[in-house]
Trainee: 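I have a structure I would like to understand better, so I am pasting it below and will then ask my questions one at a time.
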Protein chains: 2
Amino acid sequence: MTISMNERSRKILEAIVEDYIASAEPVGSKSVSCRHQMGLSPATVRNVMADLEGMGYLASPHASAGRIPTDKGYRFYVDTLLQLRPLKAEERERIERQYASSDRRIDEVLREAVKSLSRLSRYAGIVMAPRVEATVFRHIDFVPLAPGRVLVIFVSRSGEVQNKIIETGINLPAATLEQMTNYLNRVMNGLPLDTVREKLAAEMAQAKIEHDDLQQRVLALSGQALAGEDENARVYIEGTSNILDQPEFADVERMRQLYRVFEQKSQLVDLLDRSRRAHGIQIFIGNETSHSAIAGCSLVTATYETRQGTVGSLGVIGPSRMPYGQVIPIVDYTARIVSQLLEEEYQ
Amino acid sequence: MTISMNERSRKILEAIVEDYIASAEPVGSKSVSCRHQMGLSPATVRNVMADLEGMGYLASPHASAGRIPTDKGYRFYVDTLLQLRPLKAEERERIERQYASSDRRIDEVLREAVKSLSRLSRYAGIVMAPRVEATVFRHIDFVPLAPGRVLVIFVSRSGEVQNKIIETGINLPAATLEQMTNYLNRVMNGLPLDTVREKLAAEMAQAKIEHDDLQQRVLALSGQALAGEDENARVYIEGTSNILDQPEFADVERMRQLYRVFEQKSQLVDLLDRSRRAHGIQIFIGNETSHSAIAGCSLVTATYETRQGTVGSLGVIGPSRMPYGQVIPIVDYTARIVSQLLEEEYQ
DNA sequence: TTTGGCACTCGACCGGGGTGAGTGCTACGG
DNA sequence: CCGTAGCACTCACCCCGGTCGAGTGCCAAA
């Protein structure tokens with residue numbers, strides 16, 4: 001009994017993973033030895049499979065079924081066996097076409113991206129917008145809606161618009177607002193948001209010394225409007241019902257769990273955020289996510305970026321039994337396209 | 001065999017509907033005659049039930065199960081038998097508290113509403129925002145992002161913000177943009193959106209005569225920015241996973257269908273739009289919706305309105321086997337609160 | 001008109017035998 | 001020593017028949 005991964009064991013593991021991905025059914029020794037004519041008898045294959053099971057790459061659902069890959073098995077497959085199936089030109093074109101109608105506003109682009117991801121992968125697409133903190137100040141505007149109530153609109157350089165209604169308590173004169181608008185737009189333009197915050201704080205201190213109450217108030221408004229949004233709101237999901245077609249989710253209880261996760265989003269935020277910090281393609285398999293509610297699922301993610309260096313992540317979530325070779329290029333290419341579209345903003 | 005609905009038949013129908021709502025299981029003659037001590041033997045109840053089945057109010061899933069209400073049965077129940085269970089003070093309070101943190105921006109309010117609906121009803125909440133067409137012009141702003149690319153921001157009087165990036169082709173000078181901003185904000189303020197559109201068209205014609213190409217272009221921009229958004233994007237849904245707890249959705253195929261509907265939204269838009277046109281509480285039961293994909297489901301909807309007279313609708317979607325007496329007051333009260341919050345905008 | 005009685009229906013549940021895919025073990029041969 | 005053939009064994013799955021029980025429909029009596 002060789003407790004090691006020689007060439008033959010790898011080939012067999014590869015065959016099993018691929019068969020299982022294709023069929024969703026436990027694969028037995030015979031089908032491996034037949035379909036992948038490698039001149040080995042079922043009995044030999046069986047011995048190897050027993051070894052692979054011993055090493056934790058395979059598991060048997062029950063005694064007389066075939067084997068299915070474990071998370072560790074998928075991991076090994078993805079890391080060392082997998083060969084990518086690059087996109088055909090027509091597929092690339094199809095992805096690109098998807099964005100033709102979008103007006104390149106970042107949220108529009110991301111919405112198209114999530115649709116495209118789910119359509120192409122036939123799983124659920126997920127996209128996380130870059131954090132507001134990382135954006136650059138472009139424009140601010142105050143629109144008085146009613147006495148004591150002001151709408152503050154903030155525009156980032158990438159064209160993201162954020163707005164908030166703020167109760168001012170007192171009635172701020174339109175002249176003050178306008179003056180402050182001009183001032184802020186002149187001073188803050190092009191600064192990253194955290195710098196803007198610091199400057200605002202400084203200005204407020206200054207205004208306090210000068211006893212300029214109105215100015216101080218308007219500055220406070222701006223600060224409030226720039227407060228980060230709810231993280232969960234920055235996640236787009238689409239195509240969740242695709243996953244329902246997968247045989248592994250015939251069980252209602254699992255679906256229920258999964259949909260809870262989709263609705264809460266916080267676990268997805270966590271994963272996408274982890275992915276964001278590590279650049280490039282990232283793959284989470286099953287329990288590696290350490291979120292037990294999505295056991296049996298994998299995420300394939302990639303990061304995209306804008307010229308400002310702000311970074312978000314996007315990807316696909318589906319069953320671990322996923323054709324990684326196809327999904328990875330889809331995610332990768334989508335991330336590239338998104339980055340490209342968002343960079344064009346400034347050229 | 002009396003082919004009519006006398007008092008007794010009604011009582012029995014009521015008992016059956018309520019038992020079924022409570023238990024999700026076909027109800028037999030015995031349980032009716034026992035639990036609702038109305039001094040009738042099971043046999044008598046059976047006779048009545050046979051009549052009710054003949055009239056189409058009940059159906060038997062199979063020969064030796066009890067009866068379950070048909071859509072027609074639910075309809076009769078809702079229209080003539082149902083008694084509402086009004087909300088307790090503490091429940092009303094709980095609803096109101098939900099909105100305490102919201103900044104009363106319309107989309108914020110609606111987002112809270114949809115959460116609250118789903119949490120209270122324990123089904124899925126749905127909310128449709130009023131159509132942009134019905135809003136009133138408050139403010140417009142042009143922010144040049146890059147040469148040939150302008151961000152147009154439009155604010156309605158109720159504080160709704162809509163924005164769009166538009167490729168202008170040529171580089172519009174900042175001065176022209178600013179001038180037009182001031183002009184439009186002065187002229188259009190307070191006009192309903194369709195009037196604004198007409199005026200824009202008129203102005204464009206005028207500009208054309210005067211060969212003022214730049215002006216004409218900016219006006220065109222404004223027109224584009226005011227174009228209505230995608231209808232489907234105006235629907236909020238939340239709490240869909242609540243529905244998965246219902247025993248009638250243990251069947252995966254039905255869930256799948258239902259989730260397709262939630263993802264597409266168009267059928268929901270249709271129903272909410274129907275509801276919007278008819279004021280007040282509206283109830284769609286099962287096939288009455290004429291969308292077969294949501295057979296077995298009911299919608300309870302109500303309209304809300306702003307002072308401007310713009311109207312949207314909100315409600316709850318769940319299985320037809322729904323405690324209407326509880327759900328209706330929830331939906332009704334939520335609609336009132338939303339209307340109230342949106343009216344306060346202008347006081 | 002209501003009620004008790006009774007035969008009937010039909011799904012749910014249970015247990016058993018057959019089937020077949022797949023395994024582990026062992027013995028044999030290069 | 002490694003690969004292979006053979007064989008007994010396991011176990012999910014399917015089909016079958018029987019039982020059970022809830023609920024019905026109908027009829028005759030009160």
Side-chain angles (χ1 to χ4, degrees), chain A residues 1-13 15-17 19-20 22-55 57-70 73 247-248 250-251, chain B residues 1-13 15-17 19-20 23-55 57-70 247-248 250-251:
Chain A
M1 195 212 275
T2 41
I3 272 291
S4 76
M5 282 297 253
N6 55 26
E7 183 58 22
R8 198 179 59 183
S9 326
R10 289 163 168 238
K11 273 261 177 270
I12 288 175
L13 180 54
I16 292 172
V17 173
D19 266 25
Y20 184 66
S23 72
E25 260 154 42
V27 0
S29 54
K30 197 147 121 204
S31 61
V32 173
S33 98
C34 286
R35 267 206 286 284
H36 309 262
Q37 59 282 30
M38 50 182 84
L40 288 178
S41 77
T44 312
V45 175
R46 272 207 289 282
N47 286 327
V48 178
M49 282 166 76
D51 292 355
L52 289 170
E53 181 167 2
M55 288 186 275
Y57 295 109
L58 296 178
S60 7
H62 60 82
S64 79
R67 304 297 214 295
I68 59 175
T70 59
E248 38 264 86
D251 169 30
Chain B
M1 195 213 275
T2 41
I3 272 292
S4 77
M5 282 299 252
N6 54 28
E7 183 57 22
R8 197 178 62 184
S9 328
R10 289 162 168 238
K11 272 264 177 268
I12 288 175
L13 180 55
I16 292 172
V17 172
D19 265 25
Y20 184 64
S23 71
E25 261 153 41
V27 0
S29 53
K30 197 146 118 203
S31 60
V32 173
S33 97
C34 289
R35 268 204 285 283
H36 309 263
Q37 59 279 35
M38 50 181 85
L40 288 177
S41 77
T44 312
V45 175
R46 272 207 289 282
N47 287 328
V48 178
M49 282 166 76
D51 291 357
L52 288 170
E53 180 167 4
M55 290 185 278
Y57 294 109
L58 297 177
S60 5
H62 60 81
S64 79
R67 306 293 214 296
I68 60 175
T70 59
E248 39 264 85
D251 168 30

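Below, chains carry the letters A, B, ... as their sequence lines are ordered, and counting in each starts from 1. Worth saying up front: this structure is predicted, and the values here are computed from it rather than measured.
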Trainee: Give every donor-acceptor pair under 3.5 Å between a side-chain atom in residues 59-69 of chain A and any protein atom, sequence neighbours left out.
Mentor:
{"from": "S60(A)", "atom 1": "OG", "to": "E53(A)", "atom 2": "OE1", "distance (Å)": "3.4"}
{"from": "S60(A)", "atom 1": "OG", "to": "E53(A)", "atom 2": "OE2", "distance (Å)": "2.9"}
{"from": "H62(A)", "atom 1": "ND1", "to": "S64(A)", "atom 2": "N", "distance (Å)": "3.3"}
{"from": "R67(A)", "atom 1": "NE", "to": "E53(A)", "atom 2": "OE1", "distance (Å)": "2.5"}
{"from": "R67(A)", "atom 1": "NH2", "to": "E53(A)", "atom 2": "OE1", "distance (Å)": "2.8"}

Trainee: Five pairs per end, C1' atoms only: what is the angle between the end axes of the helix from dT1(C)-dA30(D) to dG30(C)-dC1(D), to 10 degrees?
Mentor: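 The angle, to the nearest 10 degrees, is 20°.
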Trainee: Looking at side-chain heavy atoms only, is the closest gap between L13(A) and V48(A) below 4.5 Å?
Mentor: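 Contact flag for L13(A)/V48(A) side chains = no.
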Trainee: Starting at CD1 of I12(A) and ending at P of dC2(D), how long is that distance when rounded to a whole Å?
Mentor: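 Taking CD1 of I12(A) and P of dC2(D), I get 15 Å after rounding.
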Trainee: Can you check the L52(A) CG to dT23(C) C1' distance for me, whole Å?
Mentor: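 Going from CG in L52(A) over to C1' in dT23(C) covers 15 Å.
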Trainee: With rounding to the nearest 0.5 angstrom, report the CG to CZ distance, L52(B) to R10(B).
Mentor: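 Between L52(B) CG and R10(B) CZ, I get 11.5 Å after rounding to 0.5 Å.
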Trainee: Considering only heavy atoms from C-beta outward, does the side chain of S9(B) approach that of D51(B) to under 4.5 Å?
Mentor: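 In short, these two side chains do not touch, never coming nearer than 4.5 Å.
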Trainee: Can you confirm whether R8(B) sits close enough to T44(B) that some side-chain heavy atom of one is under 4.5 Å from a side-chain heavy atom of the other?
Mentor: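 They are in contact (side-chain heavy atoms under 4.5 Å apart), so the answer is yes.
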Trainee: Encode nucleotides 11-30 of chain D as B, S and - characters from 5' to 3', where the letter depends on protein heavy atoms closer than 4.0 Å: B to the base, S only to sugar-phosphate, - to neither.
Mentor: BS--------BBSBB-----
Trainee: In this structure, how many angstroms lie between the P atom of dT1(C) and the CZ atom of R8(B), rounded?
Mentor: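 After rounding, the gap between these two atoms is 9 Å.
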Trainee: Can you tell me if T70(A) uses its side chain to pair, donor with acceptor, with the backbone of Y57(A) under 3.5 Å?
Mentor: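 Looks like yes, one N/O pair under 3.5 Å.
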Trainee: Are V32(A) and L40(A) close enough that some pair of their side-chain heavy atoms sits under 4.5 Å apart?
Mentor: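 Of all side-chain heavy-atom pairs linking L40(A) with V32(A), none is under 4.5 Å.
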Trainee: Check S31(A), S29(A), C34(A) against P42(A) for a side chain to side chain contact (heavy atoms under 4.5 Å, CB included) and give me the one that passes.
Mentor: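 Exactly one pass, corresponding to S29(A).
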